[in-house]
Amino acid sequence: MNDRSTREILTGIVVRLPRYGQLAVRLVADGRISARQKAPLIGSIGYGLSPIDLIPGIIPILGQLDDLLVVLGTLRYVLKQMDPEVADRHLAAAGLTRAQLDADFRDSALVAGRLAATGTRGAGTIAIGGARLAGRVAGKGWRRFRNQQSGRID
């Protein structure tokens, strides 16, 4: 059983946020990574910056957790699609490990679940669903853009 407090979990993740930002920037800027691989990441960053969310940012903690889950989930997805050696170099340059990323994603979902269990009526489940949805939407949007650029009808 995980006996860490919600505050302790969130503090650890918040301390690493700049590293996750650095990792995302590095991945987007890397020419070795295909545009198809980058599309979900760009979509998740857009979701995180957008004021329109499944859980609005005005709702304390949960409003930020859904953005965090989307971005962390997408980082995990993108890294799994890449050449493992290239992915590991990007992680190391950002001062992160796959295990840390996986743990922060799980811990974010844990905190969302805890908050949902204390009266937010399933917001943790919604946030996780939002992460999955954002990845799918970003992928479809990229395919539509590419088809339009090549003259194909979607």
Side-chain angles (χ1 to χ4, degrees), residues 2 9-57 59 61-116 122-154:
N2 192 334
I9 292 169
L10 288 176
T11 299
I13 295 169
V14 168
V15 166
R16 283 183 290 283
L17 280 179
R19 289 188 246 164
Y20 288 120
Q22 180 185 12
L23 176 61
V25 168
R26 289 181 57 83
L27 293 172
V28 169
D30 190 334
R32 296 171 293 184
I33 301 169
S34 74
R36 185 176 185 191
Q37 291 171 310
K38 292 177 188 180
L41 184 57
I42 293 167
S44 73
I45 292 168
Y47 178 83
L49 296 174
S50 171
I52 301 170
D53 287 351
L54 289 174
I55 304 173
I59 299 172
I61 303 174
L62 278 177
Q64 291 72 42
L65 274 175
D66 81 314
D67 296 344
L68 180 64
L69 281 164
V70 168
V71 172
L72 293 180
T74 306
L75 280 170
R76 292 172 72 212
Y77 172 78
V78 169
L79 290 168
K80 286 178 185 176
Q81 303 306 311
M82 296 172 51
D83 175 278
E85 187 176 303
V86 173
D88 289 341
R89 274 188 263 160
H90 280 295
L91 283 162
L96 296 164
T97 65
R98 286 180 193 270
Q100 214 167 26
L101 175 57
D102 291 343
D104 284 346
F105 181 78
R106 278 191 315 273
D107 286 347
S108 297
L110 172 70
V111 168
R114 283 181 183 175
L115 294 174
T125 303
I126 292 169
I128 293 169
R132 291 182 182 136
L133 176 64
R136 285 193 298 258
V137 168
K140 287 178 183 178
W142 176 250
R143 282 191 298 277
R144 182 173 291 129
F145 171 77
R146 293 277 298 200
N147 288 342
Q148 288 172 350
Q149 296 301 310
S150 66
R152 285 184 268 160
I153 298 176
D154 197 15

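Residue numbers count from 1 along this sequence.
- Checked against side chain to side chain donor-acceptor pair (under 3.5 Å), Tyr20 has the following partners two or more places apart in sequence or in another chain: Asp104.
- Val28 has its side chain out of reach of Ile33: every pair of non-hydrogen atoms, C-beta onward, lies at least 4.5 Å apart.
- Residue Ser50 holds its OG atom at 13.5 Å from CD1 of Ile45, rounded to the nearest 0.5 Å.
- If you take CG on Leu110 and CD1 on Ile9, they are separated by 4.5 Å, rounding to the nearest 0.5 Å.
- In this structure a side-chain-to-backbone donor-acceptor pair under 3.5 Å is missing from Lys80 to Leu75.
- For Arg26, the side-chain contact (heavy atoms from CB on, under 4.5 Å) criterion is met by Gln22, His90, Ala93, not counting sequence neighbours.
- Looking at Asp107 and Leu10, their side chains never come closer than 4.5 Å, going by heavy atoms from C-beta outward.
- With contacts defined as side-chain heavy-atom distances shorter than 4.5 Å, the pair Arg16/Leu101 does not qualify.
- Scanning all heavy atoms of the two residues, the minimum distance from Pro40 to Tyr77 falls at CG-CE2, 3.9 Å.
- Here the straight-line distance linking atom CG of Leu69 with atom CZ of Arg106 works out to 12.5 Å at 0.5 Å rounding.
- One finds the CG atom of Leu72 at 5.0 Å from the OG atom of Ser108 (value rounded to the nearest 0.5 Å).
- Between Leu23 atom CG and Leu79 atom CG the span is 5.5 Å, to the nearest 0.5 Å.
- Between Asp88 and Arg98 a salt bridge is recorded (basic side-chain N to carboxylate O distance below 4.0 Å).
- Side-chain N or O atoms of Gln81 include none that pairs as donor or acceptor with a backbone N or O of Val78 at under 3.5 Å.
- Although no hydrogens or angles enter the test, the distance criterion places no donor-acceptor pair under 3.5 Å between the side chain of Arg19 and the main chain of Leu96.
- Taking OH from Tyr47 and CG from Asp66, the interatomic distance works out to 3.5 Å, rounded to the nearest 0.5 Å.
- Judged as a side chain to side chain donor-acceptor pair (under 3.5 Å), and not counting sequence neighbours, the contacts of Asp102 are Arg76.
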